[in-house]
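Chain letters run A, B, ... following the sequence lines, proteins first and then strands; every chain starts at 1.
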Amino acid sequence: MHGRLKVKSTAEQQEAKRKEREKKLQIYNAATSKIFSKKKDGELDEELLHLCGEVLAANPDFYTLWNYRKEVFLELRKSKSPTELQNLFLAELFFLESCLRMNPKSYGTWHHRCFVMDTMPDPDWLRELELCNQFLKYDERNFHCWDYRRFIVKRANVSPEAELDFSMSKISNNFSNYSSWHYRSKLLPLIHPDSGQPMGVSEDALLKEYELVQNGFFTDPDDQSNWFYHRWLMGRGELKQAVNSVSVFQPEGRISVSFLRHVQVGKSASISLECDGSPLKNIKWLNHENKEGHSTLWITFFLFIPFRLIGVILPIAESWTLDVQLVINNLSVCSAQIQVLAEEKNSRKRWVPSGLSSRFSQEMSSVKAETLQQELEAITQLMEVETDNKWAVLTAVLLMKALDPQKHEAEIMVNLDKLQALDFKRVEYYKDLRSRFIVEAAIDAMDRESSSLATTLSLPHRGLTKLYHSELLTLLTSLNLSDNQLRDVRQFGFLQSLRELDLSNNCLTTCHGLQNLPCLEKVVLSNNQLSSPESLATLQTCPYLKQLHLVGNPVVEQEAGLEGIKEILPGVEIITQSSS
Amino acid sequence: MAFKKRDKAGQYGLINQTGTPSTHSKHRDEFYHKKHAVFFKRVLHVLPSQQLDTHRISVAYFAISGLDLLGSLSDIEDEKENIIDWIYSLQIQPNESGTNLDQCGFRGCPMLGHSYDTQKAQKQQIPQDSSNIAMTYTSLASLLILGDDLSRVHKKAVIQGVKSLQQADGSFVSVLEGSEYDMRFVYCACCISHMLNDWSGIDVEKAVSYIVQSLSYEGAFGQRPYNEAHGGSTFCAVGSLFLMDRLHVALSESQLTALRRWLLRRQDAGFTGRPNKDADTCYSFWVGAALEMLGVLDLTDVTFNRSFVLSAQSPITGGFSKYPNHSPDPLHSYLGLAGLALIGEPSVSPIFPALNISQRAYDHLMNLHRQWEDGH
């Protein structure tokens with residue numbers, strides 16, 4: 001069905017074509033009914049093979065007929081001698097080859113070839129490998145062929161090293177060889193495994209790959225495949241699960257725990273709490289959306305507030321210890337401990353993954369750091385020569401971020417602006433990426449401040465299009481995002497400790513996302529694009545909301561709008577005048 | 001060394017030298033709404049190629065859903081009942097003893113002995129008859145679009161049929177007798193389960209594990225583990241995870257970021273299916289829908305995307321082709337249209353990306369679900 005060029009034909013040619021089609025249809029119908037009646041009568045013989053073959057030659061996607069052929073071969077296997085069988089299968093392979101030449105991308109044909117190779121008495125695996133090479137010369141992106149090649153390699157026990165050499169030869173011929181790079185990414189962890197490393201590949205092997213791919217992108221800087229592969233080489237492994245923060249709000253008996261990775265409490269996972277060593281029973285956990293689905297943030301409430309309970313049995317303690325533990329399939333995955341002071345309304349603690357310069361980058365040996373540093377220098381030079389090569393700029397940004405995001409902060413921002421100009425189809429994507437880096441830099445700064453617990457974050461006038469990593473900001477009490485380009489507040493539900501939120505001068509059309517925030521008291525939404533009371537409906541889920549600033553929004557320009565808001569948010573002071 | 005220019009926008013005359021969209025491309029702004037409706041109606045009557053014989057219902061689905069998106073289903077109002085009957089004639093009937101449930105579902109066409117008479121075919125029992133998972137999906141989708149209430153679908157039998165096709169590694173084959181197994185059929189299984197509101201036919205954890213293992217180093221999904229990432233299989237993977245409600249759970253934040261990035265990089269005026277390949281209209285849907293489900297379709301350039309798709313229209317016969325100056329075919333015609341639906345093209349109805357049917361058809365499905373829950 002794909003890609004046939006239009007060709008004009010005369011009336012005569014059209015008539016001849018029509019007659020040919022009629023004839024083909026008759027043959028087709030005759031063949032399919034004969035096939036069906038033979039199958040029904042259990043006649044699994046060579047005639048059936050022949051008939052199926054005729055139809056399949058015209059329509060290789062008629063998968064039922066490939067299955068019939070399979071059945072015939074399995075039947076013949078009972079009565080024929082090995083030599084006869086071998087010949088039949090060889091003929092089948094020849095037939096399959098001719099089908100493949102016409103339709104190199106037919107799923108059914110490749111699949112049937114696997115069956116033949118697996119069933120014939122004496123398969124010639126090396127010849128198949130050569131066949132694959134031929135097909136790949138013709139179209140090196142034919143993933144059916146690559147997949148078939150993997151099947152052969154497995155059966156023939158070709159070593160991963162030999163395959164790595166093969167991929168190397170394909171790449172030397174033509175660096176723009178996605179499928180080969182891809183193959184290497186799968187082979188390397190097999191040949192040079194190192195489970196301690198993020199990509200599962202030993203560092204030596206990885207560094208050699210860096211050299212290889214660099215040759216690629218200096219030879220042809222416009223070719224995407226090299227840069228993509230490089231991106232993979234730079235990937236970091238997943239962060240281990242750990243407790244990110246714990247917050248105890250005593251007046252309401254609320255305990256919130258946030259983790260670095262998603263978990264679903266209830267089935268095989270549970271969060272246990274111990275107060276001064278005694279386990280707390282009957283605790284039910286809900287996530288930040290008040291549901292039971294996967295989340296990083298989990299909240300529970302107490303019927304009996306611990307220090308009062310202790311007060312009944314013992315004198316009221318000045319402080320007590322809360323131990324939190326995540327248990328999955330009866331194994332403890334991570335735990336944390338916090339001291340709760342009786343006089344403190346809200347006890348909070350946050351943990352930072354240790355040993356990293358930034359929780360958003362990875363640990364690096366000095367050898368790797370040196371290699372990446374050299375690479376950064378080389379790419380910087382390339383950027384001077386190839387001034388409009390977006391790949392070089394993007395890779396430079398990634399390298400800077402991996403090596404030292406704090407040192408290169410300004411340069412990273414300049415380069416992101418450059419990318420918006422060079423790669424204008426993805427302008428919005430780069431704005432988003434920029435927003436992410438800004439938030440990451442801010443969180444890195446908060447992490448470095450080990451002395452005090454940062455509870456305010458201020459990021460006005462930064463051109464932010466989105467607030468990333470809100471799940472790491474669960475302890476913030478005050479957040480200023482004024483004068484940015486936010487279009488929505490999705491994911492703000494994680495900001496469970498937030499009391500004040502400044503979103504003035506953004507592009508919001510709805511408050512959807514500001515839900516179930518138990519401490520939220522003041523929200524400034526001046527100069528946005530809220531145009532109806534419904535757009536503020538989510539705020540009904542914030543029980544302590546006292547003040548809402550709405551000046552400069554279409555909704556307050558009409559009386560009806562203001563009335564509507566007062567109806568859905570009674571008890572909230574609506575401010576529609578700007579204060580000086 | 002010669003510098004290979006990959007950006008097709010210049011090639012299609014969509015931008016001029018200063019890099020701004022050009023104003024004099026012939027087809028750029030005009031959307032041949034009426035012609036496309038005519039094209040789809042023609043497809044319903046004449047199968048474009050004999051190679052599509054076994055997949056007839058999927059070709060019909062392209063036409064039916066295409067007319068739906070164009071808001072032109074009323075054009076086939078008088079044929080609707082016939083079409084619905086024809087689709088039901090493709091259903092494998094569970095036999096009296098219930099021993100053929102593994103084979104149940106829908107087949108692609110009346111082939112190999114079935115009567116062309118729809119009434120007869122609906123009653124006919126053929127022992128070796130079995131369904132094809134992709135045909136079951138397109139049959140159910142077509143019935144929904146045509147407003148049918150699925151009351152004649154043997155729901156439990158269909159789900160049993162789906163169940164019998166799942167493999168040990170979590171993937172699915174398309175037919176009971178065996179076939180290749182890959183992401184396309186995982187997607188079909190998820191669509192069927194979602195439509196019939198019955199997930200007992202899928203081992204969800206295994207399916208999720210198969211999907212996650214099919215992630216390539218590029219951050220997107222191949223047809224199978226170890227395969228190169230591809231726009232079509234990525235749509236199938238993302239759609240499956242979305243329907244199984246596991247999208248933000250099976251994949252970590254960094255995996256989701258890498259996935260979004262790979263998808264966004266597919267844009268080259270239109271969208272390509274893999275790096276270093278040409279843009280093709282169908283990826284405006286496959287890649288666009290995946291981006292929509294991941295919440296970042298608004299980070300793409302709508303103008304270029306639209307221009308490219310419209311430039312692949314055939315102003316004479318209607319329909320869209322793979323790229324400009326090729327013959328239109330049902331698949332690219334439907335998917336080009338679906339790609340336009342995603343970006344809110346004015347005369348095209350909104351689409352529900354995960355199931356690839358119009359939002360209206362999806363609302364009809366939700367209504368049916370409510371009725372089934374109430375015991376109707």
Open item on the list: Can you see whether Y429(A) engages Q267(B) through a side-chain donor-acceptor pair at a distance of less than 3.5 angstrom?
Closed with: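 On atom types as modelled, these side chains do not qualify, holding no pair under 3.5 Å.
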
Task: Donor + acceptor pair across side chains of N132(B), Y63(A) (<3.5 Å) - done: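 Per modelled atom types, N132(B) and Y63(A) side chains form a pair under 3.5 Å.
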
Open item on the list: Is K431(A) in contact with chain B via its backbone, its side chain, both, or neither, using a 4.5 Å heavy-atom distance?
Closed with: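 Interface part for K431(A): neither.
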
TODO: Side chain from CB out, backbone as N, CA, C, O: work out which of these in Y430(A) comes under 4.5 Å of a heavy atom of chain B, or both, or neither.
DONE: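 Contact with chain B is through the side chain of Y430(A) alone.
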
Interatomic spacing from [atom1] in [X] to [atom2] in [Y] - rounded to 0.5 Å:
| X | Y | atom1 | atom2 | result |
| --- | --- | --- | --- | --- |
| L394(A) | R261(B) | CG | CZ | 8.0 Å |
| C114(A) | E180(B) | SG | CD | 10.0 Å |
| L233(A) | Y217(B) | CG | OH | 9.0 Å |
| T465(A) | L299(B) | OG1 | CG | 7.5 Å |

Task: Engaged part of S174(B) at the chain A interface, taking heavy atoms whose separation is under 4.5 Å - done: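 Neither part; nothing is under 4.5 Å.
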
Task: Interchain contact, R265(B) with chain A, by part (heavy-atom threshold 4.5 Å) - done: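 Both backbone and side chain.
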
- [ ] May I ask you to check whether over 12 heavy atoms, not counting those of Y181(B), lie within 6.0 Å of atom OH?
- [x]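 Open.
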
Task: Within 6.0 Å of OH in Y226(B), more than 12 heavy atoms from elsewhere - done: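 Check fails, neighbour count at 12 or below.
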
What are the two closest heavy atoms between [X] and [Y], and how far apart are they?
| X | Y | answer |
| --- | --- | --- |
| R487(A) | D298(B) | NH2-OD2, 4.0 Å |
| K425(A) | D268(B) | CE-C, 4.1 Å |
| R436(A) | T257(B) | NH2-CG2, 3.7 Å |

Task: Choice from H262(A), R426(A), H469(A), Q264(A) maximising heavy atom contacts with chain B below 4.5 Å - done: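 The answer is R426(A).
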
Task: R274(B) to F143(A), cation-pi by 6.0 Å centre distance and 45° axis angle - done: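 Judged by the rule (NZ or CZ under 6.0 Å from the ring centre, within 45° of its axis), R274(B) is not positioned above F143(A).
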
TODO: With a 4.5 Å cut-off on heavy-atom pairs, point out which of V249(B), N227(B), T300(B), N305(B) contacts chain A the most.
DONE: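 Highest number of heavy-atom pairs under 4.5 Å: N227(B).
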
